[in-house]
Amino acid sequence: MERKIRVGVTHGDINGVGYEVILKTFSDPVIMEMCTPIIYGSPKIATFHRKALDINMPFITVKSAAQAVDGKVNMIDCFDDQEVKVEYGQATTEAGLAALCSLERAVKDYKEGAFDVLLTAPINKHTIQSDSFHFPGHTEYIEERVGEGKEALMILMQDELRVALVTTHIPIKDIAQTITKELIIKKATILHESLQKDFGCSNPRIAILALNPHAGDNCLIGMEEHDKIIPAIEELAQQGIQCFGPYSADGFFGSGTYHKFDGILAMYHDQGLAPFKALAMDEGVNFTAGLPIVRTSPAHGTAYDIAGQNLASESSFRQALYTALDVYRNRCAYDYARRNPLRKVYHDKRDDSDKLKLD
């Protein structure tokens with residue numbers, strides 16, 4: 001890299017632990033050697049949190065991302081000095097609007113090329129709802145705004161443990177009918193490509209979990225494995241994607257089998273994320289795969305119960321930052337390595353001249 005990676009940071013819900021983990025992460029001067037952070041928030045709100053939590057994190061206020069200074073924590077005021085009330089631990093409409101203002105400004109700047117990767121602090125999915133935001137979460141919003149027609153895949157990860165989801169924020173009663181062979185193939189293909197491009201796995205191994213207990217027990221406990229999941233695995237194998245399963249989720253995680261795979265595809269939200277968070281909650285990262293933008297977030301939520309008490313750990317947020325930087329570098333290296341591919345060379349056995357031919 002000829003310059004430091006620029007990281008756009010949204011402040012999330014101002015009544016939660018978002019500012020706390022942001023302040024704690026960027027108070028480490030070593031971070032400034034890795035990247036240039038640009039926080040989309042409010043200098044007044046940041047100062048309030050800084051004083052309340054007694055966290056020494058100096059920052060400068062800039063009018064635009066173009067003015068961001070390397071070696072400094074840069075803050076863009078998204079509220080034009082408007083008074084915004086902070087109420088620790090409370091789900092308020094005002095906090096939801098503040099989160100949305102930060103996110104919209106950051107996405108707008110990203111589309112204009114103002115920064116390289118996006119790091120989002122947790123939001124309250126209820127209070128942020130408005131005419132501009134009618135999505136189940138960050139992932140769906142970002143997919144629509146900057147996805148360029150591509151489909152997002154939610155991956156929760158920590159080091160080599162990467163859990164992706166076939167279905168995300170839908171009711172349990174709708175899961176079985178939503179899952180199809182085609183959807184499994186689509187999600188597994190996105191995961192495969194992400195493991196190659198974003199994480200440097202040249203030939204990744206993917207485990208696919210069953211939907212029913214005991215993987216359906218030979219069709220005694222449901223037909224989804226027989227009718228949808230196994231046919232999807234077989235078709236993926238024909239495409240050259242190494243997929244294995246379906247594995248019963250309880251035994252798969254309980255026995256440690258997950259250590260043998262580069263990625264795991266779970267059928268629904270809690271099936272994959274409950275064991276993931278039990279294993280890796282403190283340093284877990286939410287990564288949005290499949291889109292042109294590199295976007296990460298901590299694996300935890302707003303944590304209203306400990307907001308304002310200086311009890312929140314910044315580990316997950318810091319790991320989300322590191323992951324965004326690593327993925328961005330991996331994508332650059334991947335694209336660079338394939339920038340000028342060699343033409344395929346072969347030898348025609350019918351020709352005795354021993355000359356190489358070009359396709």
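Values below: every heavy atom of this structure, side chains too, minus hydrogens, waters and symmetry copies.
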Derivation of the side chain to side chain contact (heavy atoms under 4.5 Å, CB included) call for T189 and Q239: CA-CA 10 Å; T189 302; Q239 297 174 15; 4.2 Å; yes

salt_bridge(E104, R145) N-O dist < 4.0 Å: no

Is it true that T178 and D174 share a donor-acceptor pair across their side chains at a distance under 3.5 Å? no

Side chain of K44, backbone of V84: donor and acceptor closer than 3.5 Å? no

Give, for atom CG of L103 and atom OG1 of T10, the distance between the pair rounded to the nearest 0.5 Å. 6.0 Å

Using 30° and 60° as the class limits, which term best fits the ring planes of F317 and F26: parallel, tilted or perpendicular? perpendicular

Worked check of side chain to side chain donor-acceptor pair (under 3.5 Å) between T92 and N15: CA-CA 8 Å; T92 65; N15 294 338; 3.1 Å; yes

Looking at A299, is its backbone amide N or carbonyl O close enough to the side chain of K277 to form a donor-acceptor pair, meaning the two atoms are under 3.5 Å apart? yes

Could you walk me through whether S194 and I155 satisfy the side chain to side chain contact (heavy atoms under 4.5 Å, CB included) test, starting with their C-alpha distance in whole Å, then the side-chain angles of each, then the deciding distance to 0.1 Å, before giving a yes or no? CA-CA 10 Å; S194 177; I155 299 178; 4.1 Å; yes

Hydrophobic clustering (ILVMFWY, side-chain heavy atoms < 4.5 Å, transitive) - are M32 and I38 grouped together? no

CG of D13 to CD of E94, rounded to nearest 0.5 Å, is 11.0 Å

Measure across V73 and M57 and return the closest heavy-atom pair with its distance rounded to 0.1 Å. CG1-CE, 3.8 Å

Rounded at 0.5 Å granularity, tell me how far CG in D54 sits from CG in L23. 11.0 Å

Just by modelled atom types, is the Y40 backbone N or O under 3.5 Å from a matching donor or acceptor in the S102 side chain? yes

Would Y110 end up clustered with L118 when hydrophobic side chains under 4.5 Å apart are linked, directly or stepwise? yes

Which of parallel (below 30°), tilted (30 to 60°) and perpendicular (above 60°) describes F252 and F261? tilted

Can you check whether I45's main-chain N or O pairs, donor with acceptor, with S42's side chain at less than 3.5 Å? yes

Has H214 got more than 12 heavy atoms of other residues, nucleotides or ligands less than 6.0 Å from its NE2? no

For E314, is there an ion pair with R318 - N to carboxylate O distance below 4.0 angstrom? yes

Please answer whether the main-chain N or O of N212 pairs with a side-chain N or O of E224 as donor and acceptor at a distance below 3.5 Å. no

Would you call the rings of H11 and Y19 parallel, tilted or perpendicular, where under 30° means parallel and over 60° means perpendicular? perpendicular

ILVMFWY cluster, V327 and L191 together (side-chain gap under 4.5 Å): yes

Are the side chain of E20 and the backbone N or O of L311 linked by a donor-acceptor pair below 3.5 Å? yes

In plain terms, say whether K186 and E182 are close enough for a salt bridge, that is, a side-chain N and a carboxylate O under 4.0 Å apart. no

Heavy-atom distance under 4.5 Å between the side chains of I175 and L211, does that happen here? yes

Looking only at heavy atoms, the pair that brings G272 and L165 closest together is CA-CD2, 4.4 Å

Roughly how far apart are I128 CD1 and T93 OG1, rounded to 0.5 Å? 12.0 Å

Counting neighbours of NE2 on H134 that are heavy atoms of other residues, nucleotides or ligands and sit closer than 6.0 Å, is the number greater than 12? yes

Please tell me whether V62 and I5 are part of a single hydrophobic cluster in this structure, the criterion being side-chain heavy atoms less than 4.5 Å apart. no

Does any non-hydrogen side-chain atom of I264 lie less than 4.5 Å from one of L161? yes

For the student: nearest non-hydrogen atoms of C243 and I233, plus distance: O-CG2, 3.6 Å

Is the closest side-chain heavy-atom distance between H169 and M154 below 4.5 Å? yes

Quick check for you: to the nearest 0.5 Å, what is the distance between K187 atom NZ and I179 atom CD1? 11.5 Å

Ring centres under 6.0 angstrom apart (H126, Y304): no

Nearest-0.5 Å distance that lies between atom CD1 in I172 and atom NE2 in H269: 9.5 Å

Side-chain heavy atoms of L279 within contact of F253, under 4.5 Å: yes

Assign the ring pair Y141 / F135 to parallel, tilted or perpendicular, where the plane angle (0 to 90°) is split at 30° and 60°. perpendicular

Using only atom types and a distance under 3.5 Å, with no angle test, would you say the side chain of E193 pairs donor to acceptor with the backbone of I190? no

Using only atom types and a distance under 3.5 Å, with no angle test, would you say the side chain of Q196 pairs donor to acceptor with the backbone of C201? no

Considering all heavy atoms, the nearest A65-A114 contact: CB-CB, 3.5 Å

So among V17, I55, L53, which one has a side chain to side chain contact (heavy atoms under 4.5 Å, CB included) with K24? I55

Do any N or O atoms from the side chain of S297 and from the backbone of T120 form a donor-acceptor pair under 3.5 angstrom? yes

With side chains defined as the heavy atoms from C-beta onward, is the minimum distance between F133 and L97 less than 4.5 Å? no

Least distance between heavy atoms, H49 atom then G16 atom: CE1-O, 4.5 Å

Taking the side chain as C-beta and beyond, is there a heavy-atom pair between L291 and E148 under 4.5 Å? no

Determine whether L236 and F244 make a side-chain contact, defined as any pair of heavy atoms from C-beta on separated by less than 4.5 Å. no

For Y268, does its backbone N or O pair with a side-chain atom of D270 as donor and acceptor, under 3.5 Å? no

ILVMFWY cluster, V166 and L156 together (side-chain gap under 4.5 Å): no

Full working for side chain to side chain contact (heavy atoms under 4.5 Å, CB included) between V294 and D116: CA-CA 8 Å; V294 176; D116 303 302; over 6 Å; no

Write down the atom of T323, the atom of M157, and the distance for their closest heavy-atom approach. CG2-SD, 3.8 Å

Do the non-hydrogen side-chain atoms of P298 and V21 ever get within less than 4.5 Å of each other? no

